[in-house]
Amino acid sequence: MKEYLTYDDVQILPKYSEIKHRSNCNTSTKVTKNYKLDIPIVSSPMDTVTEYEMAYEMSELGGMGIIHRFLSIDEQSKMIDDLNTYMVGAAIGVTGDFIERAQELSNVGCPIICIDVAHGHHRLVKNAMRRLKNEVKTTSDLLVGNIATKEAARDLCEWGADGLRIGIGGGSLCSTRIQTGIGVPMVSSVSDCVSVADEYNVPCMADGGIRSIGDVCKGLACGSDTVMLGSLLSGTKETPGVITKQGVWPNEVLQKKYRGSASLDSKSDRGESKNVEGYSTTILYKGKVKRVISDILDGLKSSMSYVGANNISEYHSKSELIRITNAGIIEAKPHLL
């Protein structure tokens, strides 16, 4: 059996560098064939992560938010229409009203439509892409996923994807690997898919398994052009939902809800109850998302300077991943905490 690795299994090897200061590192990148971002960060299309406020703020910061699909067509398209001078994406499914939804999103000028399904290497996705290309009058790029293998990457590129979303079973609240045994560790999954997508000049997005800023760096070092974040952005001011209080003053804490799209909590709100593969929880309130993004960019630019990379393209070519032992994993963490 082939061995597959994830973020904790590897570190990035430092290289000779002539970078004078990390602030000189350029983080601009492609998110799809026809669209670029100033920073390689995209917020996840989850109903507790991205609606209007998050999408607006992510665009202001140079990244992008993808508005989730668990809204009415009118609600989702209104959010895009109110954002239409900004970089934003919107998610659709592959059944039901997805053609009508895609057409309305296109009508309001949505630059990127994300086909958002758990298993992107599927006949329904192939048929949906064909119908979208043939039946919807649109100039929107198609970001398609999620996938995890070389075969899936090649098929989606052949079917006409403008961007690939990589990662199955790695989300912070996802239980797919536990309940189905299906999934591919992220380092190997991203590397495999990127090796194929590069042949077609299709940008890749690493989605899932990112628990720290270092994981953001490793995801990009594997060759992905962007990373998608859910848990790192959860609990911020811009996420949907209300702030709640727990505990008794003066020791009360502020919280916000965070839930997986396949959790029972989320499915129940949509009138569904089958194929539950996720959980819901509460997250300590983090304040404005700008602070989180600033910390991530500081870490990423430092990582780029450690390998001597002026931009994301150089970061791909100069980053060398080394496998580490369990002792190395322990050593990498602060020892006195």
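Predicted, not measured: the structure shown is a model, and the values here were computed from it. What you see below is based on every heavy atom in this structure, not just the backbone, and it leaves out hydrogens, waters and symmetry mates.
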> Salt bridge between Lys288 and Glu238, side-chain N to carboxylate O under 4.0 Å?
Replying inline: no
>> Strictly distance-based, threshold 3.5 Å: is any side-chain N or O of Lys256 a donor or acceptor partner for the main-chain N or O of Thr239?
In response: yes
> Any sub-3.5 Å donor-acceptor pair from Tyr258's side-chain atoms to Ser231's backbone N or O?
Replying inline: yes
>> Does this structure show an ion pair linking Asp74 with Lys78, if we count only N-O contacts that are shorter than 4.0 Å?
In response: no
> Is the shortest distance from a Lys or Arg side-chain nitrogen in Asp9 or Arg323 to a carboxylate oxygen in the other one below 4.0 Å?
Replying inline: no
> Taking the side chain from Ser317 and the backbone from Glu314, do they hold a donor-acceptor pair closer than 3.5 Å?
Replying inline: yes
> Got a sec: does the CG of Asn134 have more than 12 other heavy atoms crowding it under 6.0 Å?
Replying inline: yes
>> Could you check whether Asp192 pairs with Lys2 (Lys NZ or Arg NE/NH1/NH2 to Asp/Glu carboxylate O, under 4.0 Å)?
In response: yes
> Are the side chain of His316 and the backbone N or O of Ser224 linked by a donor-acceptor pair below 3.5 Å?
Replying inline: yes
>> For the OH atom on Tyr306, are there more than 12 heavy atoms of other groups (residues, nucleotides or ligands in this structure) within a distance under 6.0 Å?
In response: no
> Just one of Arg101, Arg69, His68 clears the side-chain hydrogen bond (donor to acceptor under 3.5 Å, both in side chains) bar with Gln76, so which one?
Replying inline: Arg101
> Would you say Lys150's side chain and Cys193's backbone share a donor-acceptor pair under 3.5 angstrom?
Replying inline: no
> Where the side chain of Ser294 meets the backbone of Arg291, is there a donor-acceptor pair that is under 3.5 Å apart?
Replying inline: no
> Are any of the side-chain nitrogens in Asp207 or Arg165 under 4.0 Å away from the carboxylate oxygens of its partner?
Replying inline: yes
> Should we count NZ of Lys245 as having more than 12 external heavy atoms under 6.0 Å?
Replying inline: no
>> When you measure from the side chain of Asn146 to the backbone of Gly167, do you find a donor-acceptor pair of N or O atoms at a distance under 3.5 Å?
In response: yes
>> I'd like to know if Glu57 and Lys237 make a salt bridge, using a cut-off of under 4.0 Å between side-chain N and carboxylate O.
In response: no
